[in-house]
Amino acid sequence: MTSNTSPSLAAALAAGTVVLDGGLSNQLESAGHDLSDGLWSARLLAERPEAVTEAHLAYFRAGARVAITASYQATFEGFAKRGTSRAEATRLLALSVELARRAARQAQEEGVDRPLWVAASVGPYGAMLADGSEYRGRYGLSVAELERFHRPRLEVLAGAAPDVLALETVPDADEAAALLRAVRGLGVPAWLSYTVDGRRTRAGQPLEEAFAQAADAEEVIAVGVNCCAPQDVPYAIDTAARVTGKPVVVYPNSGEAWDAQARAWRGRSTFGAEQVAAWRNAGARLIGGCCRVGPEAIAGIAGAVTA
């Protein structure tokens, strides 16, 4: 949680490695909450806000220094499908930032003596569709149409004063271009994180081209990948650092595979704290986890970073 005496996240990244949290939905489901509807974790902003704060707090206690808000799937359009008014949707978007702030305050009251930051999650257009298209991209919309979709909620989230905007799980370089246009002038820094398959975005563009879009974006303080397999991380770190010259953010999934037909995770985790040293040495400065990465794994990352 930043204050007048706390460094900015950008300054912290210039000084060393910062630990991100893990999968928010993972922690909420572990606590017994049903996230099966189209709003995913954003539904709990209205129904169980205290549960969101508790999930953030679990990660701060584990050693995370950045909490990513429950706004990934929170959009005006998605809320409207459930009959939520625009005014109420605006309130819930802002609340997502406040809930993470509350967790940071509580963590510090419990004795956490390091700076803590809040990243307002901005998921891709496909997350609103809730049909898996965030892992494909290519929605049939122009860059201008995507910018018009993203800008209103970005304005609300920026108005809630997070420390950074997390433009995350972006499957398509065209959508990244829209997001980079949409964050201009908001007065809040951002990181840009693609979801990838090997050396390409999910939409099939080479990562060199995808990362290059952020190289000259003054608002962007870190570039990288999330919601991908751990084995995709090393190439992404090298490419993002080389192409942009910016700090690199990485928070992959556990490595298990999602079986959409059975709606279950298959296989075993390939994510471990032992990989963190190599990622950091390669240039990663923001390191955490995404799907199926819980507080125990984040504690391992925090331990590896401290070591």
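Bear in mind the structure is a predicted one, so any value in this text is a computation, not a measurement.
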Undergrad: Working note: T17 + I287, criterion side-chain contact (heavy atoms from CB on, under 4.5 Å); need CA distance, chi angles, decisive distance, verdict.
TA: CA-CA 7 Å; T17 305; I287 303 176; 4.0 Å; yes
Undergrad: According to the salt bridge (charged side-chain N to carboxylate O under 4.0 Å, His left out) rule, which pairs have a member within residues 120-139, sequence neighbours left out?
TA: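 Sorted pair list: R138-D172, R138-D174.
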Undergrad: Using the rule that Ile, Leu, Val, Met, Phe, Trp and Tyr join whenever any side-chain heavy atoms are under 4.5 Å apart, tell me whether L192 and V143 fall into a single cluster.
TA: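 Per the 4.5 Å side-chain linkage, L192 and V143 are not co-clustered.
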Undergrad: Taking S71 for its side chain and A74 for its backbone only, find out whether a donor-acceptor pair lies under 3.5 Å.
TA: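 No, S71 side chain to A74 backbone: no donor-acceptor pair under 3.5 Å.
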Undergrad: Of the non-hydrogen atoms in C290 and Y251, which two are nearest, and what is the gap between them?
TA: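 So the two residues come closest at CB-O, 3.2 Å.
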Undergrad: Set out, in order, the CA-CA distance, both residues' side-chain angles and the distance that settles side-chain contact (heavy atoms from CB on, under 4.5 Å) for Q275 and V233, then state yes or no.
TA: CA-CA 10 Å; Q275 297 159 304; V233 168; over 6 Å; no
Undergrad: For the residue pair F149 and E77, establish whether any side-chain heavy-atom pair is separated by less than 4.5 Å.
TA: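 SC-SC contact between F149 and E77 confirmed.
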Undergrad: So do the side chains of L146 and Y139 get within less than 4.5 Å of each other, counting heavy atoms only?
TA: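 The answer is yes, as the side chains (C-beta and beyond) meet within the 4.5 Å cut-off.
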Undergrad: Give the minimum heavy-atom separation between L28 and A55, together with the two atoms involved.
TA: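 Here L28 and A55 meet closest at CD2-CB, 3.9 Å.
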Undergrad: Nearest 0.5 Å please: distance from the CZ atom of F60 over to the CZ atom of R114.
TA: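 It is 8.5 Å, given to the nearest 0.5 Å.
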Undergrad: Please say whether more than 12 non-hydrogen atoms of neighbouring residues, nucleotides or ligands are located less than 6.0 Å from CD in E50.
TA: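 Yes, enclosed.
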Undergrad: With rounding to the nearest 0.5 Å, note down the distance linking CD in E88 to CZ in F79.
TA: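 Going from CD on E88 over to CZ on F79, the span is 8.0 Å.
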Undergrad: So, do S269 and R292 sit near enough that their side-chain heavy atoms are less than 4.5 Å apart?
TA: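 No; the side chains remain at least 4.5 Å from each other.
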Undergrad: Rounded to the nearest 0.5 Å, how far apart are OG1 of T53 and CG of L95?
TA: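 Separation between the atoms: 7.5 Å.
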Undergrad: Determine whether R242 and E208 make a side-chain contact, defined as any pair of heavy atoms from C-beta on separated by less than 4.5 Å.
TA: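 Heavy-atom side-chain distance check passes, below 4.5 Å.
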Undergrad: Just wondering, more than 12 heavy atoms not from E145 lying within 6.0 Å of its CD?
TA: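 It does: E145 CD has more than 12 such atoms within range.
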Undergrad: With a 4.5 Å heavy-atom cut-off, do I301 and W279 have their side chains touching?
TA: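 Of all side-chain heavy-atom pairs linking W279 with I301, none is under 4.5 Å.
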Undergrad: Testing R148, R153, E147 one by one against H150 for a side-chain contact (heavy atoms from CB on, under 4.5 Å), which residue passes?
TA: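 In the set R148, R153, E147, the residue that makes a side-chain contact (heavy atoms from CB on, under 4.5 Å) with H150 is R153.
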Undergrad: Do you know the tightest heavy-atom contact between W191 and A119?
TA: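 Result for this residue pair: CH2-CB, 3.5 Å.
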Undergrad: Could you grab the distance from atom CG of L20 to atom CG of L286, nearest 0.5 Å is fine?
TA: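 Interatomic distance, L20 CG to L286 CG, rounded to 0.5 Å: 4.5 Å.
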Undergrad: Sub-3.5 Å donor-acceptor pair from the side chain of S254 to the main-chain atoms of V293, do we have one?
TA: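 No; zero donor-acceptor contacts below 3.5 Å.
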Undergrad: Heavy-atom count around D216 CG within 6.0 Å, excluding the residue itself: above 12?
TA: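 Check fails, neighbour count at 12 or below.
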Undergrad: Which residue is it: I237, D238, T239? I am looking for the one with a side-chain contact (heavy atoms from CB on, under 4.5 Å) to V248.
TA: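 Per the side-chain contact (heavy atoms from CB on, under 4.5 Å) rule, the option paired with V248 is I237, out of I237, D238, T239.
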Undergrad: Answer yes or no: is there a side-chain heavy-atom contact under 4.5 Å between V118 and T69?
TA: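 Yes, at least one pair of side-chain atoms sits under 4.5 Å.
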Undergrad: Does any N or O in the side chain of E175 come within less than 3.5 Å of the main-chain N or O of G137, such that one atom is a donor and the other an acceptor?
TA: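 Such a contact is absent between E175 side chain and G137 backbone.
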Undergrad: Does R280 offer a backbone N or O that forms a donor-acceptor pair with the side chain of R285 under 3.5 Å?
TA: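 Confirmed, R285 side chain pairs with R280 backbone.
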Undergrad: What are the two closest non-hydrogen atoms of I298 and G289, and how far apart are they?
TA: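 Looks like CD1-N, 3.8 Å.
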Undergrad: Indicate, with yes or no, if L186 and L93 share a hydrophobic cluster defined by side-chain heavy-atom contacts under 4.5 Å among Ile, Leu, Val, Met, Phe, Trp and Tyr.
TA: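 Yes; tracing contacts between hydrophobic side chains, which count when under 4.5 Å, links both residues.
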Undergrad: Heavy-atom distance under 4.5 Å between the side chains of R61 and P295, does that happen here?
TA: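 Of all side-chain heavy-atom pairs linking P295 with R61, none is under 4.5 Å.
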Undergrad: What heavy-atom pair brings A12 and W117 nearest, and what distance separates the two atoms?
TA: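 Closest approach of A12 to W117: CB-CH2, 3.5 Å.
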Undergrad: Would E98 and R101 satisfy salt bridge (charged side-chain N to carboxylate O under 4.0 Å, His left out), going step by step from the backbone distance to the final call?
TA: CA-CA 5 Å; E98 173 55 27; R101 288 271 183 233; over 6 Å; no
Undergrad: Quick check for you: to the nearest 0.5 Å, what is the distance between L57 atom CG and E110 atom CD?
TA: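 That separation rounds to 5.0 Å.
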Undergrad: Which heavy atom of R202 sits nearest to which heavy atom of C227, and what is that distance?
TA: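 Nearest pair, atom of R202 first, then C227: NH2-O, 3.2 Å.
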Undergrad: Under a single-linkage definition using a 4.5 Å side-chain heavy-atom cutoff for Ile, Leu, Val, Met, Phe, Trp and Tyr, are Y135 and Y125 assigned to the same hydrophobic cluster?
TA: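 No, Y135 and Y125 fall in different hydrophobic clusters.
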Undergrad: Under 4.0 Å between a Lys/Arg side-chain N and an Asp/Glu carboxylate O for E109 and R105?
TA: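 Salt bridge flag = no for R105 with E109.
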Undergrad: T201 vs L207, test: side-chain contact (heavy atoms from CB on, under 4.5 Å). Steps then yes/no.
TA: CA-CA 6 Å; T201 67; L207 285 187; 4.0 Å; yes
Undergrad: Hey, what do you get for CG (L44) to OG (S96), rounding to the nearest 0.5 Å?
TA: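 It is 12.5 Å, given to the nearest 0.5 Å.
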Undergrad: Between K81 and M128, is the side-chain contact (heavy atoms from CB on, under 4.5 Å) condition met? List the steps.
TA: CA-CA 10 Å; K81 290 177 183 178; M128 180 272 295; 3.7 Å; yes
Undergrad: Between S25 and E29, is any side-chain donor less than 3.5 angstrom from a side-chain acceptor?
TA: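 Result is no, nothing qualifies.
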Undergrad: Looking at side-chain heavy atoms only, is the closest gap between F76 and T84 below 4.5 Å?
TA: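 F76 vs T84: side chains apart.
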Undergrad: Pairs in or reaching into residues 221-234: which pass side-chain hydrogen bond (donor to acceptor under 3.5 Å, both in side chains), with residues at least two apart or in two chains?
TA: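 Listed once each, the pairs are T169-N226, S193-N226.
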